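Okay, so here's the structure we're looking at.
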Number of protein chains: 2
Amino acid sequence: MMEQIADILKKNQLSITEGRKKILNMFLNSPGALAHADIEKNTDASFDRVTVYRTLQTFVEKGIIHNIPTTDNSILYALCKDNCEAGHHHDNHVHFICDVCDKTICLENVIIPEVKLPKGFTQKQTDVVISGICNKCK
Amino acid sequence: MMEQIADILKKNQLSITEGRKKILNMFLNSPGALAHADIEKNTDASFDRVTVYRTLQTFVEKGIIHNIPTTDNSILYALCKDNCEAGHHHDNHVHFICDVCDKTICLENVIIPEVKLPKGFTQKQTDVVISGICNKCK
DNA sequence: ACATTTTTGCACCAATGTTGCAAAAAATAA
DNA sequence: TTATTTTTTGCAACATTGGTGCAAAAATGT
Ligand SMILES: [Mn+2]
Ligand SMILES: [Mn+2]
Ligand SMILES: [Zn+2]
Ligand SMILES: [Zn+2]
């Protein structure tokens, strides 16, 4: 496991540090998406807040994690399981937010349907976020 | 125009105040979505920040405006053109964010496609946010 | 082990959003 | 209209979230 983590970091030309290993490990073990606050909570304040912010930014830039749109103003992050590259993500799955447990889950198998836009609009990225009750809370 | 505004407020059992009229008017005249900051800018600081926040909250609760998910942590609001009620919105259109002009537009005519979820998931609301280049920036 | 590059922690700042409470404004009653 | 009640506003104070510059610390390459 710790090998896998170091590999991911190496593959992305990132120095292997405690913070990055710990945070990446959290993502690998988390079934759902994580917010900055979740990460800070689970690391026992062993890292500075700023380090967490910068680590998340770096991971997004490298294509290791992607972020998920929300209606409240929180930024959520989840592992990219599609083969995303630095600077360009190819996630094309639906995200689900449970109204009960409040968790956000990547539905890797539910691919985003095509949407036809009016003339003149060029489509780059499509995000689909569905809310309701998840399979565990049902 | 000012009549229409007063009507909307009355219909929703809201006191008719300067602030609410001004903010509602902004929404009626805006082609795209508005953020809190946009509203504060256009009202020349004639209202307190808190009043703007509370007005937006109230409008959302009453079903006059709805909010739009974003990837950065900003909350956007737009007029509900579907017949939304207090406590329950029925917006089912796609939202478009332009990477060039950075405006968010309600594509009222592009309805959200059906998405089939895995067993155990109950679907309440679906948000589709598409980014790219809008018809004016093209 | 040493020099170089990268990352971290700290202090400080800025934007965003919330709450309690008294003053002001709007709606309702008289 | 004026008086009373209800609602809304403004202010102050606070919390949370996120970003920047810079020196210290850690990681990398030789
Ligand atoms: Mn995802
Ligand atoms: Mn809309
Ligand atoms: Zn759930
Ligand atoms: Zn545009």
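Side chains are part of it too, since the values below use all heavy atoms of this structure and drop only hydrogens, waters and symmetry mates. We name chains A, B, ... by the order of the sequence lines, and we start the count at 1 in each one. All values reported here derive from a predicted model rather than from experimental measurement.
Taking atom NZ of residue A:Lys10 and atom P of nucleotide D:dA27, one finds them 14 Å apart after rounding to whole Å. Taking atom CD1 on B:Ile39 and atom P on C:dG17, their separation rounds to 11 Å, with Å as the unit. Between A:Asp48 atom CG and D:dG18 atom P there is a gap of 14 Å when expressed in whole angstrom units. Atom CG in B:Leu9 sits about 14 Å away from atom C1' in D:dT7, given to the nearest Å. In this structure, CZ of A:Phe47 is placed 10 Å from C1' of C:dT8, rounded to the nearest angstrom. Rounded to whole Å, the distance from NZ on A:Lys22 to C1' on C:dT7 is 17 Å. The distance between atom CG of A:Leu56 and atom C1' of C:dT7, rounded to the nearest whole Å, is 15 Å. Whole-Å rounding puts the A:Phe59 CZ to C:dT7 P distance at 11 Å.
Checked options B:Thr51, B:Asn67, B:Ile65; the residue passing with B:Leu56 is B:Ile65 (criterion: side chain to side chain contact (heavy atoms under 4.5 Å, CB included)).
Nucleotides of DNA chain D nearest to B:Arg20 and A:Ile75 differ in position, and the one nearer the 5' end is that of B:Arg20.
A chain of hydrophobic side-chain contacts below 4.5 Å, direct or via other Ile, Leu, Val, Met, Phe, Trp or Tyr residues, connects A:Ile130 to A:Val110. Under the 4.5 Å side-chain heavy-atom criterion for Ile, Leu, Val, Met, Phe, Trp and Tyr, B:Leu76 and B:Ile105 are members of distinct hydrophobic clusters.
Under the 3.5 Å distance criterion, with hydrogens and angles disregarded, a donor-acceptor pair is assigned to the side chains of B:Thr126 and B:Gln123.
Pairs of residues two or more places apart, or lying in two chains, that qualify as ring-ring contact (aromatic ring centres under 6.0 Å, His included) and include a residue from residues 44-64 of chain A are A:His36-A:Tyr53.
For A:Lys41, there are no salt bridge (Lys or Arg N to Asp or Glu O under 4.0 Å) partners two or more places apart in sequence or in a different chain.
Other residues, nucleotides and ligands contribute only 12 or fewer heavy atoms inside 6.0 Å of the CD1 atom of B:Ile111.
Within the structure, every side-chain polar atom (N or O) of A:Arg49 is placed at least 4.0 Å from both OP1 and OP2 of D:dT17. Checking the phosphate oxygens (OP1, OP2) of D:dG19, no side-chain nitrogen or oxygen of A:Tyr53 falls inside 4.0 Å.
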Practice prompt. Summarise how protein sits on nucleotides 19-30 of chain C as a single string, 5' to 3': B when a protein heavy atom is under 4.0 Å from the base, S for sugar-phosphate-only contact, - for no contact.
Written response: BB-----SS---

